[in-house]
Amino acid sequence: MRRFALVLGLVALTSAPAAAQGRKIRVDGIRALAFGPLLAGAPAKVVRTDPARSGQFDITAQNNDLVILSFSLPTSMSGPAGTSLPLTFSGSDAGFSQVQSIGDQVAFDPRQAYVATMGQQGVSSIFLGGTATPAFNQPPGVYTATITLTVMYP
Amino acid sequence: MKRAPALLLLLFLPRLLAAQGVLIAPTSIFMDSRTRTATVLLVNPNDQAVEVTLSTTYGYAVTDSTGRFQPWFTDTPDSTAPNAAPWVRIFPRRASLEPRAQQVVRLLISPPAGLADGEYWARLVVLAKGGQLQVSAPADSNTVSIGLPMQVRTILPLLYRNGKVQTGAEMDRLSAATEGDSLVVRARISRIGNAALLATARGTLTDTAGVLRAHFSLPVSVYAPIEPRFSVPLDSLPRGPYVLRMEVTPGRTDLPVEALLPFRVARDSLALQVP
């Protein structure tokens with residue numbers, strides 16, 4: 001049934017009004033950047049090549065399409081009773097892989113825009129690492145912040 | 001009890017997001033004064049519902065001092081800017097897309113009366129948020145845990161053409177310099193006329209025998225003057241004299257042919273020495 005629905009969706013895509021036809025893009029958040037439980041006073045770093053804990057987005061578009069990637073990155077996370085926990089990103093904490101391979105990335109600075117060219121397969125991945133730095137007296141609890149990836153067609 | 005460590009481990013494994021995001025088509029939107037409407041199709045191909053919010057803004061890609069592209073946006077553009085963002089109405093502006101569902105979004109543009117001929121620009125912003133990210137529960141009351149949900153914003157060009165529109169290309173400041181293991185070529189590309197320059201920039205490097213040694217190509221959308229960089233690996237270029245030729249030509253493989261405006265090819269060249 002699910003497959004039938006998907007086929008229907010694809011048929012609808014191809015029979016959409018003329019203006020809606022043409023190239024398409026799909027950007028998926030695949031895996032959230034995950035630090036696991038932290039110890040107060042002990043910085044925790046996740047590298048972009050970590051296959052389990054790095055953040056991952058996938059982009060599906062036409063092969064060789066050029067897109068401009070940029071992140072909106074939080075500098076801290078909000079926790080219980082208005083407390084915060086610093087979060088930092090360094091100049092090589094992001095990586096782009098034309099072939100969706102965590103072992104085949106081109107590093108880039110997630111604090112700056114990056115121009116990416118889609119690979120021949122039309123599916124590419126972006127990986128993200130970062131560092132969380134809890135204070136020695138960091139109150140326990142759950143800390144959250146949102147990471148936004150912007151994909152812009154020039 | 002033997003399962004307890006494994007359960008604890010599972011608890012702290014990073015949570016896979018049920019993939020969140022939408023498929024959007026088309027990736028460039030062209031409207032004109034005859035139709036004043038366009039449609040965008042959103043499809044949620046995933047197993048998780050997605051909240052989608054659409055809006056418009058004004059901006060385009062620019063190049064920084066090193067020639068790298070970066071987005072430039074403003075909600076308060078100069079009054080002379082060809083800003084179409086306030087004229088675009090979106091139906092619906094928000095949608096909740098169930099798994100495998102789709103939504104046709106209609107765009108209607110209502111420009112002011114007496115608008116001068118020309119092309120006016122906006123950007124369609126599609127913000128997609130998946131379901132709430134599950135945050136690992138603290139193992140005990142002394143644990144600090146983190147949840148970093150991700151969202152995706154896709155920004156597409158929207159061009160509204162009113163009356164007679166024309167564009168043209170100008171190129172100057174062609175230069176080449178070695179940077180590390182690359183030859184970096186730069187040129188300033190400007191548009192003339194009353195529409196954006198949607199073009200392809202191409203370059204070739206030929207040796208003294210006329211043999212093509214390297215080439216590059218890049219689709220460029222010129223709203224304001226840009227000075228992009230093109231890198232050619234030096235290991236593909238034996239030492240010696242070369243001629244660099246660059247041109248900005250009509251034609252883009254990523255845009256519908258009927259949306260492209262004709263213009264005269266802009267060319268420039270220079271002689272250089274690869275050390």
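What you are looking at is a predicted structure, and each value in this text was computed from that prediction instead of being measured. The sequence lines fix the lettering, A, B, ..., with proteins before strands; numbering per chain opens at 1.
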Handout entry: B:L107, part contacting chain A, at a heavy-atom distance under 4.5 Å
Key = neither
Practice task
Please list all pairs passing the salt bridge (Lys or Arg N to Asp or Glu O under 4.0 Å) test where one or both residues lie in residues 135-154 of chain A, with sequence neighbours left out.
Solution key: none
Practice task
Could you please spell out the steps behind the side chain to side chain donor-acceptor pair (under 3.5 Å) verdict for B:R202 and B:T249?
Solution key: CA-CA 8 Å; B:R202 292 190 176 87; B:T249 65; 2.7 Å; yes
Exercise for the section: For A:S54 and A:R31, test the side chains for any donor-to-acceptor distance below 3.5 angstrom and give the result as yes or no. Expected result: yes
Practice task
Would you mind checking which part of B:V22 comes under 4.5 Å of any heavy atom in chain A, side chain (CB onward), backbone (N, CA, C, O), both or neither?
Solution key: backbone
Handout entry: Shortest non-hydrogen contact from B:V184 toward B:S231
Key = CG2-OG, 4.0 Å
Handout entry: A:I68 portion near chain B, given a 4.5 angstrom heavy-atom threshold
Key = side chain
Problem - Which portion of A:T146 sits near chain B, non-hydrogen atoms under 4.5 angstrom - result: both
Handout entry: B:S221 and B:R252 side chains, donor-acceptor separation under 3.5 Å
Key = yes
Exercise for the section: Report yes or no: do A:T148 and B:Q151 form a side-chain donor-acceptor pair below 3.5 Å? Expected result: yes
Handout entry: Interchain contact, A:V27 with chain B, by part (heavy-atom threshold 4.5 Å)
Key = both
Handout entry: Interface moiety of A:L149 toward chain B, non-hydrogen atoms closer than 4.5 Å
Key = both
Problem - Sidechain N-carboxylate O distance under 4.0 Å for A:K45, A:D93 - result: yes
Problem - Test item: side-chain donor near acceptor, A:Y143 and A:T83, under 3.5 Å - result: yes
Problem - Toward chain B, the part of A:M77 with a non-hydrogen atom under 4.5 Å - result: side chain
Practice task
Sort by residue number and list every member of residues 116-134 of chain A having a non-hydrogen atom under 4.5 Å from chain B.
Solution key: A:A132
Problem - Full working for side chain to side chain contact (heavy atoms under 4.5 Å, CB included) between B:Y60 and B:R123 - result: CA-CA 8 Å; B:Y60 39 78; B:R123 292 273 160 175; 4.0 Å; yes
Exercise for the section: List in chain and number order the residues that pass ring-ring contact (aromatic ring centres under 6.0 Å, His included) with B:F216, two or more places apart in sequence or in another chain; answer none if no residue qualifies. Expected result: B:F230
Problem - Contact origin within A:P139 toward chain B - heavy atom pairs under 4.5 Å - result: backbone
Completion exercise
Okay, A:L87 and chain B: the region with an atom under 4.5 Å from a heavy atom over there is side chain
Exercise for the section: Could you tell me which portion of A:Q138 (side chain, backbone, both or neither) has an atom closer than 4.5 angstrom to a non-hydrogen atom of chain B? Expected result: both
Handout entry: Pairs involving residues 151-162 of chain B, ordered by first then second residue, that meet salt bridge (Lys or Arg N to Asp or Glu O under 4.0 Å) (sequence neighbours left out)
Key = B:E119-B:R161
Completion exercise
When the 4.5 angstrom heavy-atom criterion is applied to A:L69 and chain B, the contacting part is neither
Exercise for the section: Mind telling me whether B:Y223 and B:W121 have parallel, tilted or perpendicular rings, with 30° and 60° as the class edges? Expected result: perpendicular
Handout entry: Segment of B:P71 engaging chain A (4.5 angstrom heavy-atom cut-off)
Key = both
